[in-house]
2 protein chains.
Amino acid sequence: MPRPLPSPDRTADVILDAAEALFAERGFDGCTVKQIGAAARVNPALLSYYFGGKEGTYRAAIRRRLQAFAAEGMQDMGDAASPGEAIRRFAEAYIRFMLRHPTLPKLLFREVLDHDAEHAVEEVRAIASGPFQALCDVVRAGQARGEFRPDVDPARAALSILSPLVYVLVARPVAGILLTGRRRGLTDDALRGFAAHTADFALAALAPVRRPGA
Amino acid sequence: MPRPLPSPDRTADVILDAAEALFAERGFDGCTVKQIGAAARVNPALLSYYFGGKEGTYRAAIRRRLQAFAAEGMQDMGDAASPGEAIRRFAEAYIRFMLRHPTLPKLLFREVLDHDAEHAVEEVRAIASGPFQALCDVVRAGQARGEFRPDVDPARAALSILSPLVYVLVARPVAGILLTGRRRGLTDDALRGFAAHTADFALAALAPVRRPGA
DNA sequence: GTCTATAGGTGGATAGAC
DNA sequence: GTCTATCCACCTATAGAC
């Protein structure tokens with residue numbers, strides 16, 4: 001009987017789990033080490049022991065999750081038959097990953113709002129030069145192949161794909177009101193549906209202008 | 001010589017100006033009444049006197065700005081010759097208003113993140129049923145006229161137009177990195193340029209599919 | 001590694017003088 | 001209307017027992 005406890009039996013991980021959830025939901029200044037300790041069912045003093053304090057815990061939490069994203073996040077985007085297919089897969093994979101790591105969107109967005117992402121500049125750069133760059137390259141490839149119209153800046157196009165996805169994840173309740181008129185938040189399925197729409201919308205926008213005779 | 005002081009000589013307004021800026025930049029929990037008082041060059045105790053406390057000041061600040069948006073925000077969108085033209089004007093007018101009221105994007109977005117917009121439900125509803133609804137109607141009108149493809153949900157299309165604009169305003173430094181690769185934030189002109197792209201992108205996406213023979 | 005106790009500081013609000 | 005002084009609650013971090 002080696003391990004009586006469930007999967008994350010390491011105290012540090014339990015703390016990070018609780019911290020991540022609270023930081024994402026209330027922000028760094030909006031929650032206290034006591035609340036984090038209580039949520040983790042752990043003595044609040046352990047935040048100092050393991051991470052050197054509240055801010056160290058924050059950094060550790062955000063880095064852990066962002067590294068997971070950089071590592072496994074967008075890997076199933078690679079083997080697409082066409083640029084169009086790759087864009088569809090990107091939107092799908094992005095939403096899928098965020099639904100599996102539901103704290104990340106708010107956690108990351110708050111970091112951008114509160115500190116211009118200074119606590120995680122490396123990781124944000126890794127994302128910018130990783131998945132986002134990959135998306136730009138997909139657009140460029142489509143343009144080179146003649147499948148996408150050439151007069152659209154690839155970075156702008158990529159941001160036109162990414163930003164709606166970020167918006168619905170981060171402002172989920174408001175997006176729900178805007179999309180459905182109802183007060184209920186968006187279901188996971190509605191989110192996936194919107195991701196599919198976003199890909200379709202972008203592909204239609206990128207479709208080459210067909211001349212009558214061509 | 002009735003008034004030696006500049007335009008907003010009323011103390012309450014001066015307080016709201018400072019509060020708005022600080023709440024937008026650091027969030028409700030990220031700044032103190034003392035900081036607000038110092039920024040307004042006013043005694044911090046006056047926040048309680050005028051607004052009943054920190055939270056009352058917050059509500060007053062957010063309401064004041066949102067009402068300005070509801071009132072004057074999108075008024076120059078009305079007289080457009082075509083739905084396409086109306087969409088272009090919407091994107092332009094939205095960015096123009098936000099550049100004139102630079103605290104509003106972050107202020108509003110933080111309210112959504114922190115409290116699901118519960119402190120300003122009425123105002124958010126007013127925006128949802130005002131400018132956003134107007135944008136949906138424009139898409140619908142274009143579809144009725146046969147100028148836009150009919151198989152796109154108007155609300156989704158509207159959100160595909162609105163969310164990139166929100167994103168670049170709220171995450172300006174990161175959007176700058178993604179769009180230019182450089183560390184500098186986006187200039188106002190770059191912001192307006194992206195708004196034009198957003199309108200173009202949406203219009204291309206909404207263009208009816210041309211059949212060879214039609 | 002985990003706990004208790006506490007130090008040291010700062011938060012928002014208010015009573016009461018002016 | 002504005003200011004000073006102050007109260008109390010609560011926060012983070014740490015010293016030291018276990």
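Predicted, not measured: the structure shown is a model, and the values here were computed from it.
Note on B:Glu85 versus B:Arg89: salt bridge recorded, some NZ/NE/NH1/NH2 to OD/OE distance being below 4.0 Å.
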Give the B/S/- string for nucleotides 4-18 of chain C, one per nucleotide from 5' to 3', where a protein heavy atom under 4.0 Å of the base yields B, of only the sugar-phosphate yields S, and otherwise -.
B------SSSB----
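The CG atom of B:Asp13 sits 15 Å away from the C1' atom of D:dG1 (whole-angstrom rounding). Rounded to a whole Å, the CZ atom of A:Arg26 is 15 Å from the C1' atom of D:dC11. Whole-Å rounding puts the A:Ile15 CD1 to C:dG1 P distance at 11 Å.
Within the structure, salt bridge (charged side-chain N to carboxylate O under 4.0 Å, His left out) contacts touching residues 21-45 of chain B (residues at least two apart or in different chains) are B:Glu25-B:Lys106. Applying the ring pair (Phe, Tyr, Trp, His ring centres under 6.0 Å) rule to pairs touching residues 161-183 of chain A yields nothing, sequence neighbours excluded. Pairs of residues two or more places apart, or lying in two chains, that qualify as salt bridge (charged side-chain N to carboxylate O under 4.0 Å, His left out) and include a residue from residues 55-68 of chain B are B:Asp13-B:Arg64, B:Asp17-B:Arg64, B:Glu20-B:Arg64, B:Glu20-B:Arg65, B:Glu55-B:Arg59, B:Arg63-B:Glu123. Residue pairs satisfying the salt bridge (charged side-chain N to carboxylate O under 4.0 Å, His left out) criterion with at least one member in residues 112-121 of chain A, sequence neighbours excluded, are listed as follows: A:Asp114-B:Arg110. Sorted by first then second residue, the salt bridge (charged side-chain N to carboxylate O under 4.0 Å, His left out) pairs that include residues 168-192 of chain B, not counting sequence neighbours, are B:Arg172-B:Asp188, B:Asp189-B:Arg192.
Between the axis at the start and the axis at the end of the helix from C:dG1-D:dC18 to C:dC18-D:dG1 there is an angle of 0°, using five pairs per end and rounding to 10 degrees.
Take A:Phe23 and apply the ring-ring contact (aromatic ring centres under 6.0 Å, His included) test, not counting sequence neighbours, and it matches A:Phe28, A:Tyr58. Checked against side chain to side chain donor-acceptor pair (under 3.5 Å), B:Thr198 has no partners two or more places apart in sequence or in another chain.
Distances shorter than 4.0 Å separate none of the side-chain N or O atoms of A:Thr11 from OP1 or OP2 on C:dG1.
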